[in-house]
Amino acid sequence: MSGRFITFEGIDGAGKSTHIDALAERLRHMGQHVVCTREPGGTPLAETLRGQILQSAMDPLTEALLVFAARRDHIQQVIAPALAQGHSVLCDRFTDATFAYQGAGRGFDSDVLSTLETWVQQGLQPALTFWFDLPAETAAERRAAARSPDRFEQLDVHFFNRVRQGYAHRMEQSPQRFARLDAAQSREQVWAQVVAQMEQRGW
Ligand code: TMP
């Protein structure tokens with residue numbers, strides 16, 4: 001039996017994290033084995049690359065290559081083995097973030113990203129992607145109240161508007177894979193949307 005691969009996306013400040021934990025809890029109560037992980041990261045090597053990606057200035061191709069290098073290690077060491085054992089994998093960000101941040105946000109060539117996606121993933125795609133969508137201005141207010149910013153979180157509202165458009169474009173390309181959530185609602189209302197999407201699929 002193969003497990004389910006579910007990813008969580010959205011601009012910084014969209015509020016994904018608590019819902020990932022809550023969904024893991026819910027699935028475990030239903031008797032599933034659940035692996036929670038994140039990108040960039042999820043393995044010792046990929047976590048080291050994450051530190052560089054989030055802190056060091058670099059050119060856009062270098063950034064894209066490091067993100068996909070981390071992803072390759074993560075898929076091989078964690079995601080593919082877990083799915084093969086029938087575990088569900090909940091991943092905080094995946095390749096849609098690369099198209100949204102490096103592609104739409106930074107303006108890097110999406111054809112190159114598509115080539116890297118094919119090489120690195122060899123057909124692996126999430127079964128479901130939750131897109132926590134909210135206006136860039138609302139997300140900026142939430143971030144300001146929450147934490148000290150990394151290299152991406154320091155970018156302005158125009159950057160995050162482009163990232164948001166990038167997610168919208170990815171959803172247009174794979175509408176069956178995406179569930180868009182209105183992340184401007186209260187935490188309880190967003191959680192209700194998550195549960196409704198899972199129930200719709202009989203999960
Ligand atoms: P996080 O704060 O949600 O853990 O995400 C880390 C940052 O890395 C976030 O600002 C988005 C960025 N990122 C990319 O730019 N490209 C990617 O492919 C991924 C997975 C994350």
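In this text the structure is predicted, and so the values were computed from the model without any measurement. We use all heavy atoms of the structure for the numbers below, so side chains are in, but hydrogens, waters and symmetry mates are not. Counting convention: from 1, in listed order, for ligands and their atoms alike.
Taking 4.5 Å as the limit, some side-chain heavy atom of Val89 sits within range of a side-chain heavy atom of Leu83. Between Arg38 and Glu47, some side-chain heavy-atom pair lies under the 4.5 Å cut-off.
Phe5 and Phe94 have their aromatic ring centers within a separation under 6.0 angstrom.
Enclosure of atom CZ in Arg187 is not indicated, since only 12 or fewer non-hydrogen atoms of other residues, nucleotides or ligands lie within 6.0 angstrom.
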Could you list each N/O atom of ligand 1 together with any protein N/O atom closer than 3.5 Å, one pair per line with the distance?
{"unit_1": "ligand 1", "atom_1": "3 (O)", "unit_2": "Lys16", "atom_2": "NZ", "d": "3.2"}
{"unit_1": "ligand 1", "atom_1": "3 (O)", "unit_2": "Arg93", "atom_2": "NE", "d": "2.7"}
{"unit_1": "ligand 1", "atom_1": "3 (O)", "unit_2": "Arg93", "atom_2": "NH2", "d": "3.4"}
{"unit_1": "ligand 1", "atom_1": "4 (O)", "unit_2": "Arg50", "atom_2": "NH1", "d": "3.4"}
{"unit_1": "ligand 1", "atom_1": "4 (O)", "unit_2": "Arg50", "atom_2": "NH2", "d": "2.8"}
{"unit_1": "ligand 1", "atom_1": "5 (O)", "unit_2": "Arg93", "atom_2": "NE", "d": "3.0"}
{"unit_1": "ligand 1", "atom_1": "10 (O)", "unit_2": "Asp12", "atom_2": "OD1", "d": "3.0"}
{"unit_1": "ligand 1", "atom_1": "10 (O)", "unit_2": "Asp12", "atom_2": "OD2", "d": "3.0"}
{"unit_1": "ligand 1", "atom_1": "15 (O)", "unit_2": "Gln102", "atom_2": "OE1", "d": "3.4"}
{"unit_1": "ligand 1", "atom_1": "15 (O)", "unit_2": "Gln102", "atom_2": "NE2", "d": "2.9"}
{"unit_1": "ligand 1", "atom_1": "16 (N)", "unit_2": "Gln102", "atom_2": "OE1", "d": "2.8"}
{"unit_1": "ligand 1", "atom_1": "18 (O)", "unit_2": "Arg71", "atom_2": "NH2", "d": "3.2"}
{"unit_1": "ligand 1", "atom_1": "18 (O)", "unit_2": "Thr98", "atom_2": "N", "d": "3.4"}
{"unit_1": "ligand 1", "atom_1": "18 (O)", "unit_2": "Thr98", "atom_2": "OG1", "d": "2.6"}

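Remark: Leu23 CG to Ile6 CD1 distance equals 5.5 Å, nearest 0.5 Å.
Pairs passing the ring pair (Phe, Tyr, Trp, His ring centres under 6.0 Å) check and including a residue from residues 110-130, sequence neighbours excluded, read Phe8-Phe130.
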